[in-house]
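What follows is one structure encoded as structure tokens, with my remarks underneath.
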Amino acid sequence: MKKVYSDATAALAGLLRDDMTVMCGGFGLCGIPDELIDAVRESGVKGLTVISNNAGIDGVGLGKLLDTRQVSKMISSYVGENKEFARQFLANELEIEFNPQGTLAERIRAGGAGIPAFFTKTGVGTKVAEGKEVREFDGAQYVMERGLFADLALVHAYRGDTEGNLAYRLTARNFNPMMATAAKVTVAQVEHLVQPGEIDAENIHTPGIFVKRIVHVPVREKRIEQRTTRKRAEAGAETGPAAAGGGAV
Amino acid sequence: MKKVYSDATAALAGLLRDDMTVMCGGFGLCGIPDELIDAVRESGVKGLTVISNNAGIDGVGLGKLLDTRQVSKMISSYVGENKEFARQFLANELEIEFNPQGTLAERIRAGGAGIPAFFTKTGVGTKVAEGKEVREFDGAQYVMERGLFADLALVHAYRGDTEGNLAYRLTARNFNPMMATAAKVTVAQVEHLVQPGEIDAENIHTPGIFVKRIVHVPVREKRIEQRTTRKRAEAGAETGPAAAGGGAV
Amino acid sequence: MAWTRDQMAARAARELEDGFYVNLGIGIPTLVSNFIPEGMSVQLQSENGMLGMGPFPYEGEEDPDLINAGKQTITALPTTSYFSSADSFGMIRGGHINLSILGAMQVAENGDLANWMIPGKMVKGMGGAMDLVAGVKRVVVVMEHVARNKDGSESPKLLKACDLPLTGTHVVDMVITDLGVFTIDKKGEGGMTLIELADGVTEDEIRAKTEAAYTVALA
Amino acid sequence: MAWTRDQMAARAARELEDGFYVNLGIGIPTLVSNFIPEGMSVQLQSENGMLGMGPFPYEGEEDPDLINAGKQTITALPTTSYFSSADSFGMIRGGHINLSILGAMQVAENGDLANWMIPGKMVKGMGGAMDLVAGVKRVVVVMEHVARNKDGSESPKLLKACDLPLTGTHVVDMVITDLGVFTIDKKGEGGMTLIELADGVTEDEIRAKTEAAYTVALA
């Protein structure tokens with residue numbers, strides 16, 4: 001059972017068709033399967049529904065598929081750091097379904113784990129709950145959300161073995177592990193391709209059962225969206241832990 | 001914020017009360033928090049509802065709490081490898097709620113993740129679904145199951161650091177990671193207590209946020225329920241991979 | 001001349017395909033692992049949290065932290081990965097396991113399966129059986145064709161409808177007994193079909209020992 | 001004399017307790033990390049999958065694989081752990097984070113919060129904000145007391161009811177503005193209470209710039 005393919009184009013051969021649903025790992029530009037995205041672009045496949053937390057930036061990551069108008073719908077939590085995205089969205093050329101980030105993550109996890117629906121308190125009383133069942137459990141209100149399952153998942157990992165076992169690096173893990181479980185076919189691009197046994201069995205983040213195809217993509221340029229640093233001179237003075245989050249605002 | 005306690009009794013001080021619900025990690029006798037169970041026994045606390053995949057064997061693990069009649073109800077998937085358990089159960093002295101093993105695991109995971117209920121196809125059309133909502137999604141039937149959340153979770157890990165970060169060993173992981181997330185207070189017994197940073201940050205199975213108290217219990221005798229081996233002489237002949245599963249039968 | 005346990009396991013092994021991920025129940029299904037063809041890659045899942053199960057350990061090398069779902073000591077392989085019970089059953093429920101081979105007390109002609117409790121007897125629980133039959137893509141049952149009762153009589157196990165509490169409904173794709181092999185159109189209207197006879201077994205013998213209705217389509 | 005951004009962050013830092021796990025939003029909330037008292041153990045969670053966030057890296061040591069939820073390059077600490085987005089939001093939704101400090105466009109006297117979209121403007125999405133306010137035990141908002149409009153006028157942000165689309169209902173426990181501090185009985189009937197004034201700010205000034213009803217209970 002050979003899972004290893006020679007390059008991204010070969011790894012996607014026979015898997016792409018118009019109007020399919022594709023999950024794409026990554027948070028911002030961190031941990032995105034950029035080489036696989038490039039291969040999707042080159043294939044010319046159109047009308048894609050893309051499930052991804054973000055939509056890349058102009059000319060990088062999913063931004064490349066927006067430029068070529070291959071995406072018709074995004075299911076995301078935070079987008080628009082991308083002029084072409086904004087243009088298409090405002091021109092009604094692109095549909096967008098916003099999901100709270102945790103709901104999106106859980107919907108994908110549920111889809112991969114055979115859970116068709118679950119209840120969450122996230123979004124109760126907001127636009128997110130409109131048209132959805134809201135139900136009380138133990139005195140609190142929860143909204144029902146559905147699992148997500150795609151035709152294809154594209155993920156990025158730091159290390160992968162020929163059996164398809166994957167390990168991610170630092171915060172490049174993000175949405176990749178759940179997406180790997182939630183599609184008919186999962187294709188992984190890995191920075192380091194190793195033999196079975198080289199990744200510690202207790203520290204395999206995605207077991208090989210979830211990965212049908214794997215392609216070795218030695219590191220290319222990894223982009224940084226917000227380069228924040230402290231100066232060595234200042235160290236310890238004004239620079240406590242760097243924190244950010246909370247989505248919008 | 002000191003999380004490390006000197007021994008199991010100290011680690012449970014102030015946490016135990018009659019009629020509380022306690023989750024207890026482990027599968028069979030593998031990965032059970034035996035020293036913490038001993039401390040519960042010594043405390044004399046009664047009327048416990050215990051959520052655990054199994055119920056130990058006579059005189060080992062949860063079997064010790066059954067011997068002392070401290071348990072009034074078990075929520076489990078497979079029990080009765082224990083004569084005292086069978087006796088109490090047949091005498092109606094002990095209540096048992098059977099859950100399919102995967103449903104039990106998912107209910108615990110849901111409880112820890114703020115999911116009050118989810119749908120699964122496991123158990124549809126069986127006794128398990130009696131009295132529960134059954135609903136159709138995309139042409140198939142699913143039963144609604146509720147999240148589980150306990151007053152106290154007792155877990156066993158191989159390594160733990162003073163921050164409460166845990167790593168499990170081999171199949172001793174089992175129910176421990178979910179249970180660690182699904183209780184008001186989680187107490188972990190660890191075979192090796194280390195300093196923060198000694199467990200690789202990418203391979204921490206349970207982040208310290210879930211663990212309120214930790215106690216170092218250097219390895220005691222680990223019991224084996226079914227000692228199966230192959231003889232060196234026979235190697236390769238009749239002995240393919242050893243497989244078992246499927247629950248009952 | 002019915003099939004032996006090993007012959008039944010060997011027949012079940014013919015349902016394996018290269019690249020399959022398989023969960024084997026205890027009893028005869030466990031023996032299937034002895035009949036995986038040379039050169040075929042089959043990874044065995046153990047629902048307590050392991051993929052890529054190896055053989056039993058050599059004497060003296062048993063590790064209490066390394067057991068299968070039957071609580072037997074086992075070993076790992078280079079392909080092995082470990083995970084939690086929640087992740088394990090996510091894998092099962094999510095339909096990622098290709099094949100589950102397990103035993104049964106009763107199977108009905110519509111694919112219903114009973115294998116976890118007998119009313120009035122001590123009930124040990126369903127363990128992972130309900131999850132496996134509901135979640136795994138293809139379910140193959142391996143069992144004796146009839147149950148032998150204490151008084152020496154025999155009761156059919158392939159029934160029009162199970163009378164024991166069910167483990168799952170419309171879940172069994174194939175039944176391999178010591179007498180033959182049946183397929184079941186579990187989600188459709190095709191019912192049960194006898195497709196193979198064990199060596200030296202006649203259709204008449206099967207007919208006499210089977211309550212379930214079935215069509216015959218021997219190869 | 002209203003509070004500066006740093007003073008607001010310092011006031012918010014007084015809500016920290018030893019052993020807390022905290023999620024900080026972008027903007028002023030990020031500054032709170034500069035005011036964690038010496039000797040207090042506070043672990044910062046970043047919802048993209050990290051617990052135990054360290055300071056910004058030294059120049060030249062940025063790692064593209066190590067970012068926070070604001071997509072800024074950061075560093076790790078000895079206490080750090082990494083996990084998936086699903087596990088991260090399980091942690092958030094499950095109520096395991098003690099405190100979330102975040103910004104807002106509007107807060108209502110019942111604890112409703114709006115901070116993710118303005119109808120008619122480009123909507124970027126809610127990111128993790130809805131999950132955080134719904135899931136975290138205690139939510140502290142840090143914001144300017146009023147919005148400054150393009151024409152130079154000011155609009156109150158502490159309202160009887162939010163008119164912008166909501167991020168969550170009955171979610172805010174405390175609001176720290178440049179003018180003072182309010183508590184909100186988000187699940188009860190206690191409403192909003194002014195408990196502190198910024199240096200040199202008068203009750204009258206706050207009254208004039210606040211639409212929400214509130215009681216006054218200054219220390």
Side-chain angles (χ1 to χ4, degrees), chain B residues 27-31 53 76-81 86 89-90 98 100-103 105-106 108-109 120-128 158 168-178 205 222-232 235 238-249, chain C residues 23-27 29-30 32-34 36 44 46-50 53-59 62-74 82-86 89 92-93 100 102-105 115-116 122-132 134-135 165-169:
Chain B
F27 180 92
L29 302 179
C30 182
N53 189 60
S76 304
S77 91
Y78 196 78
V79 298
E81 295 148 308
F89 178 61
L90 294 171
F98 284 117
Q101 193 176 138
T103 295
E106 187 67 15
I108 297 164
R109 190 261 174 200
T120 173
K121 58 187 140 185
T122 299
V124 170
T126 76
K127 278 183 182 297
V128 163
Y158 186 62
Y168 307 95
R169 183 168 177 270
L170 310 178
T171 57
R173 188 181 314 191
N174 55 64
F175 280 82
N176 286 296
M178 299 88 74
H205 301 137
K222 289 185 192 174
R223 295 282 295 261
I224 290 174
E225 260 180 279
Q226 305 281 342
R227 188 177 301 270
T228 44
T229 59
R230 54 181 164 151
K231 291 214 171 67
R232 280 175 202 279
E238 281 294 301
T239 51
V249 177
Chain C
N23 186 294
L24 300 179
I26 57 175
T30 303
V32 174
S33 61
N34 295 327
I36 299 171
L44 300 178
S46 188
E47 66 264 29
N48 54 318
M50 181 185 194
M53 202 176 357
F56 292 138
Y58 292 120
E59 280 184 53
E62 309 91 324
D63 186 329
D65 288 341
L66 185 48
I67 65 172
N68 65 17
K71 292 154 194 155
Q72 299 171 310
T73 46
I74 49 164
Y82 301 99
F83 32 81
S84 73
S85 299
F89 283 94
I92 290 167
R93 197 189 307 102
S100 172
L102 74 175
M105 297 171 181
N115 75 349
W116 78 283
M122 174 67 195
V123 180
K124 292 194 169 187
M126 68 291 281
M130 285 191 182
D131 309 280
L132 283 161
L166 295 178
T167 304
T169 60

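Just so we're clear, the structure is a prediction, and the values are computed from it rather than from any experiment. By convention in this document, chain letters (A, B, ...) are assigned in the order of the sequence lines, proteins followed by strands, and residues within each chain are numbered from 1. Values reported hereafter were calculated over all heavy atoms of this structure, with side chains retained and with hydrogens, waters and symmetry mates removed.
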**Message:** For chain C, which candidate among B:Val79, B:Val124, B:Leu29 shows the most heavy-atom pairs at distances under 4.5 Å?
**Reply:** B:Val79

**Message:** With rounding to the nearest 0.5 angstrom, report the CD to CZ distance, B:Glu106 to C:Phe89.
**Reply:** 11.0 Å

**Asked** Does some side-chain heavy atom of B:Lys231 sit less than 4.5 Å from a side-chain heavy atom of C:Glu59?
**Response** yes

**Request:** Quick one: closest heavy-atom pair of C:Arg93 and B:Thr103, and the distance?
**Result:** NH2-N, 4.4 Å

**Greatest number of heavy atom pairs closer than 4.5 Å to chain C - which of B:Ala172, B:Ala105, B:Pro100** = B:Pro100

**Asked** What is the minimum heavy-atom distance between C:Gly49 and B:Thr171, and which atoms define it?
**Response** O-CG2, 4.4 Å

**Message:** Just so I understand: if I count every heavy-atom pair under 4.5 Å between each of C:Ala134, C:Pro165, C:Gly168 and chain B, which residue has the most?
**Reply:** C:Ala134

**Fill in**
Honestly, the part of B:Arg227 sitting under 4.5 Å from a heavy atom of chain C is both

**Message:** Is the terminal nitrogen or CZ of B:Arg230 (NZ for Lys, CZ for Arg) located under 6.0 angstrom from the six-membered ring centre of C:Phe56 and within 45° of that ring's axis?
**Reply:** no

**Message:** Tell me if the NZ atom of B:Lys222 is crowded by more than 12 foreign heavy atoms within 6.0 Å.
**Reply:** yes

**Asked** Any side-chain heavy atom of B:Glu225 within less than 4.5 Å of one from C:Ile67?
**Response** no

**Asked** How long is the gap from CG on C:Asn48 to CG on B:Asn53, to the nearest 0.5 Å?
**Response** 9.0 Å

**Prompt:** Non-hydrogen atoms of chain B under 4.5 Å away: do they reach the side chain of C:Val32, the backbone, both or neither?
**Reply:** neither

**Asked** What part of B:Phe89 gets closer than 4.5 Å to chain C, counting heavy atoms only: side chain, backbone, both or neither?
**Response** side chain

**Option in B:Gly31, B:Gly125, B:Cys30 with maximal non-hydrogen atom pairs under 4.5 Å from chain C** = B:Cys30

**Asked** Between B:Tyr78 and C:Lys71, is any pair of side-chain heavy atoms under 4.5 Å apart?
**Response** yes

**Close side-chain approach of B:Thr126 to C:Met126, heavy-atom, < 4.5 Å** = no

**Message:** Taking side chain as everything from C-beta outward and backbone as N, CA, C, O, which of these in C:Ser100 sits under 4.5 Å from a heavy atom of chain B? Side chain, backbone, both or neither.
**Reply:** neither

**Request:** Could you pull out the closest heavy-atom pair between B:Phe98 and C:Gly125, with the gap in Å?
**Result:** CE2-CA, 3.3 Å

